[in-house]
Amino acid sequence: LFEFLAIGAEGGYSKVSDKNSPDFETIIIPYEGHLIFSFNPLGKINPYVVIGGGGCYWNYTENGQTYRDPASGLLRKGYDSFVKSGGGLEIVLNPAHTFYFNIGATFRQSFTDWLDNIDSGDETDGVIDIHGGFTYYFRTTTRGDRDNDGVPDELDLKPEIKEDPDGYLDHDGIP
């Protein structure tokens, strides 16, 4: 959206099992959207926070078959929602500030109690993930960066002269 705020989307696939009951496992397929707020988007190291939400399909199985609750007779599978929060760091890998190494963690609070094989009665399960990877940002020239130094003109103190990325005040646009 702009340097400090971005929109993201994710999807995935995972299996959760219990080492005490290897016959049981839950397949989870999440999908979500989120907002990312960056604290130092033009710096070499950019801390960020994430908030968002989404849903997931889950299927609780026993010996490969969808589990049927003996008390209610209901199959233990379905679609549920969750909220997400987290944070991390992006580290610049190129002078144009488009390619980053990314490391962080998030917490998702679901609105079902069957993702972890423990029916605690609170109707929610939480999932923590730790992640690392690479991020590429598609930059456009419509915002204005006359000197092509990666610092937008509205934040560039010298918009006609290119910044020299030397590790000192590389976000201000002044060589």
Side-chain angles (χ1 to χ4, degrees), residues 1-94 96-140 143:
L1 297 175
F2 60 93
E3 286 74 21
F4 292 94
L5 188 64
I7 296 175
E10 276 184 52
Y13 176 86
S14 65
K15 288 184 181 182
V16 177
S17 60
D18 181 351
K19 61 183 169 185
N20 297 325
S21 303
D23 304 346
F24 293 94
E25 73 180 10
T26 303
I27 296 170
I28 305 169
I29 303 173
Y31 45 90
E32 67 182 59
H34 52 257
L35 293 173
I36 303 169
F37 179 78
S38 297
F39 291 97
N40 187 21
L42 301 175
K44 290 190 180 214
I45 297 177
N46 174 31
Y48 64 88
V49 294
V50 177
I51 59 167
C56 65
Y57 166 78
W58 58 276
N59 186 2
Y60 181 73
T61 62
E62 178 181 356
N63 296 318
Q65 300 294 316
T66 299
Y67 180 75
R68 186 177 297 274
D69 186 345
S72 67
L74 296 174
L75 291 174
R76 293 298 182 183
K77 67 179 185 176
Y79 291 90
D80 284 292
S81 302
F82 60 85
V83 293
K84 171 184 173 178
S85 63
L89 289 174
E90 290 181 321
I91 302 168
V92 174
L93 297 177
N94 70 338
H97 288 241
T98 56
F99 195 57
Y100 291 78
F101 175 69
N102 184 342
I103 188 165
T106 57
F107 176 73
R108 290 171 183 83
Q109 182 68 48
S110 74
F111 300 112
T112 186
D113 196 26
W114 279 89
L115 299 181
D116 61 2
N117 188 21
I118 300 170
D119 184 8
S120 61
D122 64 0
E123 296 304 318
T124 63
D125 279 339
V127 178
I128 296 172
D129 78 67
I130 298 171
H131 57 272
F134 298 95
T135 303
Y136 179 80
Y137 288 99
F138 296 95
R139 304 283 187 198
T140 63
R143 294 202 50 140

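Worth knowing before you read on, the calculation uses all heavy atoms, side chains too, and leaves out hydrogens, waters and symmetry mates.
- Heavy atoms only, all atoms of each residue included: V92 and Y100 are closest at CG2-CE2, 3.4 Å.
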*asked:* Please determine whether side chain to side chain contact (heavy atoms under 4.5 Å, CB included) holds for the pair V50 and L35, giving the CA-CA distance in whole Å, both sets of side-chain angles, and the decisive distance to 0.1 Å.
replied: CA-CA 6 Å; V50 177; L35 293 173; over 6 Å; no
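- Closest heavy-atom contact between T66 and N59: OG1-OD1, 2.9 Å.
- With contacts defined as side-chain heavy-atom distances shorter than 4.5 Å, the pair S110/D80 does not qualify.
- How far SG of C56 is from OH of Y79: 10.0 Å, rounded to the nearest 0.5 Å.
- At a threshold of 4.5 Å between non-hydrogen side-chain atoms, the residues W58 and V16 do not count as touching.
- Contact of the E10 side chain with the H131 side chain is not registered, since no non-hydrogen atoms from C-beta on lie closer than 4.5 Å.
- Residue N40 holds its CG atom at 7.5 Å from CZ of F4, rounded to the nearest 0.5 Å.
- Partners of N46 according to the side-chain hydrogen bond (donor to acceptor under 3.5 Å, both in side chains) rule, which considers only residues two or more places apart in sequence or in another chain, are S38, E90.
- Listed by chain and residue number, F134 satisfy the ring-ring contact (aromatic ring centres under 6.0 Å, His included) test with F101 (two or more places apart in sequence, or in another chain).
- One finds the CD1 atom of I28 at 12.0 Å from the NZ atom of K15 (value rounded to the nearest 0.5 Å).
- Other residues, nucleotides and ligands contribute over 12 non-hydrogen atoms within 6.0 Å of the CZ atom of F99.
- When V49, I45, L89 are each tested for a side-chain contact (heavy atoms from CB on, under 4.5 Å) with F39, only one passes: V49.
- Considering all non-hydrogen atoms of both residues, R108 and F82 come closest at CD-CE1, 3.6 Å.
- Other residues, nucleotides and ligands contribute over 12 non-hydrogen atoms within 6.0 Å of the CD1 atom of I29.
- Taken from CD in E25 to OG in S14, the straight-line distance is 10.0 Å, to the nearest 0.5 Å.
- Note that OG1 of T106 is 3.0 Å distant from CG of D129, once rounded to the nearest 0.5 Å.
- The OH atom of Y60 sits 7.5 Å away from atom CD of E62, with the distance rounded to the nearest 0.5 Å.
- Residues P30 and Y13 share a closest heavy-atom pair of CD-N, 4.1 Å.
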